[in-house]
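Below is one structure, written out as structure tokens; comments come after it.
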There are 2 protein chains.
Amino acid sequence: MPANILVVEDEPAIQELLALNITQAGHNPIRALSVEIAQNLMRETIPDLILLDWMLPGMNGLEFARKLKSDNLTKTIPIIMLTARGDEYDKVRGLEVGADDYVTKPFSPRELNARIKAVLRRRAPQMTDDPIEINGLRLDPTSHRVTGHQKIVDLGPTEFRLLHFFMTNAERVHTRSQLLDKVWGDRVFVEDRTVDVHIRRLRNALAVSGHQDLIQTVRGSGYRLSEQHT
Amino acid sequence: MPANILVVEDEPAIQELLALNITQAGHNPIRALSVEIAQNLMRETIPDLILLDWMLPGMNGLEFARKLKSDNLTKTIPIIMLTARGDEYDKVRGLEVGADDYVTKPFSPRELNARIKAVLRRRAPQMTDDPIEINGLRLDPTSHRVTGHQKIVDLGPTEFRLLHFFMTNAERVHTRSQLLDKVWGDRVFVEDRTVDVHIRRLRNALAVSGHQDLIQTVRGSGYRLSEQHT
DNA sequence: GATATTTGTCACGAATATGTCATATTAAGG
DNA sequence: CCTTAATATGACATATTCGTGACAAATATC
């Protein structure tokens with residue numbers, strides 16, 4: 001599965017190098033010479049990964065990263081930062097704002113590819129055992145409990161898995177087949193429409209705490225869990 | 001449950017990086033620039049986990065790890081070692097002396113956090129000999145007695161161990177095989193459904209003090225002891 | 001060695017969850 | 001508006017999971 005990788009780097013030679021590498025790794029590089037260009041490009045395509053140089057003219061990488069991480073739409077996009085060798089200070093700052101990994105310049109193509117691969121492998125946020133809370137709805141995997149506003153939400157196994165998936169991948173539209181893959185498991189053969197029914201059951205159950213509108217229908221595409229009230 | 005994590009690393013920049021990461025993961029870093037300092041700090045606080053650099057001035061990491069693992073007081077503390085990239089020799093030696101995991105430098109923050117979490121999760125709440133009381137139900141490991149509301153609850157050996165485990169790991173779901181592992185011991189070959197039967201016997205016995213609902217069924221997953229009513 | 005207790009397994013009914021369909025409702029485009 | 005496609009909903013047959021009582025084997029107790 002080829003991924004769109006946004007490369008934000010002002011030095012053309014290095015950018016060329018990066019793009020070449022990415023192409024060879026079977027992915028699709030999107031080049032931006034500055035943060036401003038990057039922001040424009042992102043209006044068209046939301047990339048799967050961002051390679052971000054830390055030293056940029058104008059708005060610097062740090063600021064850009066912080067901005068990305070504070071926006072719900074983009075906060076889940078992994079960022080790999082490029083730092084000068086031994087620039088530990090940058091690394092620290094980068095981690096502060098939530099960069100996911102870093103590569104020191106001069107980088108070896110091999111290392112870069114390895115890290116890209118590693119990060120992309122985790123593209124779907126791993127379902128951890130940490131409790132998740134969105135909009136007052138709380139899901140705790142270890143106790144297998146869902147609560148919202150002091151009320152206990154009673155869910156069947158499938159609905160629980162479904163909600164769990166939605167909460168770990170919030171703000172993102174999932175098609176029915178994606179949901180079948182991720183929630184049901186890829187070996188089953190069930191109708192797409194079945195998802196609808198489970199969505200309804202989930203919404204129904206969520207009504208006890210007033211969260212029935214949390215899962216939204218995106219006509220023609222699928223479903224999405226979002227905190228923003230449309 | 002925040003954990004105290006001792007970071008033994010002589011390079012200040014990297015130490016800073018590690019400490020920041022640990023803080024962001026919700027834990028409490030304790031910094032030591034050398035093994036000697038670490039040993040002093042450990043007189044005050046016994047950490048829950050040790051991040052140990054392998055290349056240290058003075059006494060090296062290997063020696064320190066071996067020392068920790070040979071002392072009864074500290075042998076159970078998990079150790080994650082930091083090795084230089086591809087230094088397979090160190091990895092082998094490290095695992096030999098009982099390190100629990102390793103991370104190669106330069107490490108990705110995400111990977112580090114994942115490993116920290118994994119190691120800490122393995123730290124199962126130890127079954128102590130202290131009496132436990134939940135919801136008016138009291139279990140005393142030393143006298144092997146269970147009482148609830150003045151009534152004595154009569155339990156068979158297996159049911160006692162089962163209840164003991166549930167009470168030390170309350171509010172979380174345990175699958176049948178987890179229970180078989182933890183309560184029966186991991187070498188036995190018993191049917192999953194046997195757990196059901198023992199759960200019923202336990203519930204039955206707990207009925208004399210009105211605690212029959214303390215252990216709840218989580219359909220499709222397992223069982224859970226919880227004070228909160230469904 | 002006789003008796004009581006504990007333990008694992010099974011069979012079967014009850015409770016619950018699941019997938020599918022038929023039909024109602026809703027949104028989008030002309 | 002009206003048409004059409006997409007989604008929501010209720011109902012239902014089926015499948016799955018759980019609770020329960022019974023029972024025989026193993027173990028402990030006297």
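So you know, we letter chains A, B, ... as the sequences are listed, proteins then strands, and number each from 1.
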Self-check item: Sole residue of Arg203(A), Gln216(A), Arg176(A) in side-chain hydrogen bond (donor to acceptor under 3.5 Å, both in side chains) with Tyr223(A)
Solution: Arg176(A)

Separation of [N] [atom2] from [X] [atom1] (nearest whole Å):
X         : N       : atom1 : atom2 : answer
Leu202(B) : dT20(D) : CG    : P     : 13 Å
Leu162(B) : dT6(C)  : CG    : P     : 15 Å
Arg161(A) : dT18(C) : CZ    : C1'   : 11 Å
Asn204(A) : dG10(D) : CG    : C1'   : 11 Å
Arg176(A) : dA8(D)  : CZ    : C1'   : 11 Å
Gln216(B) : dC18(D) : CD    : C1'   : 15 Å

Exercise. Spell out yes or no: do the side chain of Arg200(A) and the base of dA8(D) have one donor N/O and one acceptor N/O closer than 3.5 Å?
Key: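 No such pair is found, so the answer is no.
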
Quiz prompt | Base of dG19(D) paired with side chain of Arg201(B) (donor-acceptor, under 3.5 Å) | solution =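 No such pair is found, so the answer is no.
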
Options [options], nucleotide nearest the side-chain atoms of [X]:
X         : options                  : result
Val190(A) : dT7(C), dG19(C), dT7(D)  : dG19(C)
Arg219(A) : dT7(D), dA15(C), dT20(C) : dT7(D)
Thr194(A) : dT7(D), dC10(C), dG19(C) : dG19(C)
Asp196(B) : dA17(C), dC18(D), dT7(C) : dC18(D)

Practice problem: Calculate, to the nearest 0.5 Å, the distance between atoms CG and CD1 belonging to Leu139(B) and Ile134(B) respectively. | Solution: 9.5 Å

Exercise. To the nearest 0.5 Å, tell me how far Gln212(A) CD sits from Arg200(A) CZ.
Key: 14.5 Å

Quiz item: Can you tell me if Arg172(B) and Ser226(B) form a side-chain donor-acceptor pair at under 3.5 Å?
Solution: no

Exercise. Note down the inter-axis angle between the two ends of the helix from dG1(C)-dC30(D) to dG30(C)-dC1(D), five pairs each, to the nearest 10°.
Key: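 Overall, the helix from dG1(C)-dC30(D) to dG30(C)-dC1(D) bends by 40° from one end axis to the other.
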
Counting only side-chain nitrogens and oxygens, does [X] get under 4.0 Å of the OP1 or OP2 atom of [N]?
X         : N       : result
Thr158(A) : dA17(C) : no
Trp184(B) : dT7(C)  : no
Tyr223(A) : dA8(D)  : yes
Arg193(B) : dA11(C) : no
Thr217(B) : dT17(D) : no

Quiz item: Within a radius of less than 6.0 Å around CG of Asn204(A), do more than 12 heavy atoms belonging to other residues, nucleotides or ligands occur?
Solution: yes

Would you say [X] and [Y] make side-chain contact, with heavy atoms under 4.5 Å?
X         : Y         : answer
Ile116(A) : Ile80(A)  : yes
Leu52(A)  : Ile50(A)  : yes
Val153(B) : Thr147(B) : no

Exercise. Using a 4.0 Å heavy-atom cut-off across all strands, classify Phe160(B) as base, sugar-phosphate, or nothing.
Key: nothing

Quiz item: Heavy atoms under 4.0 Å, any strand shown: does Arg203(A) hit a base, just sugar-phosphate, or nothing?
Solution: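 Sugar-phosphate contact only.
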
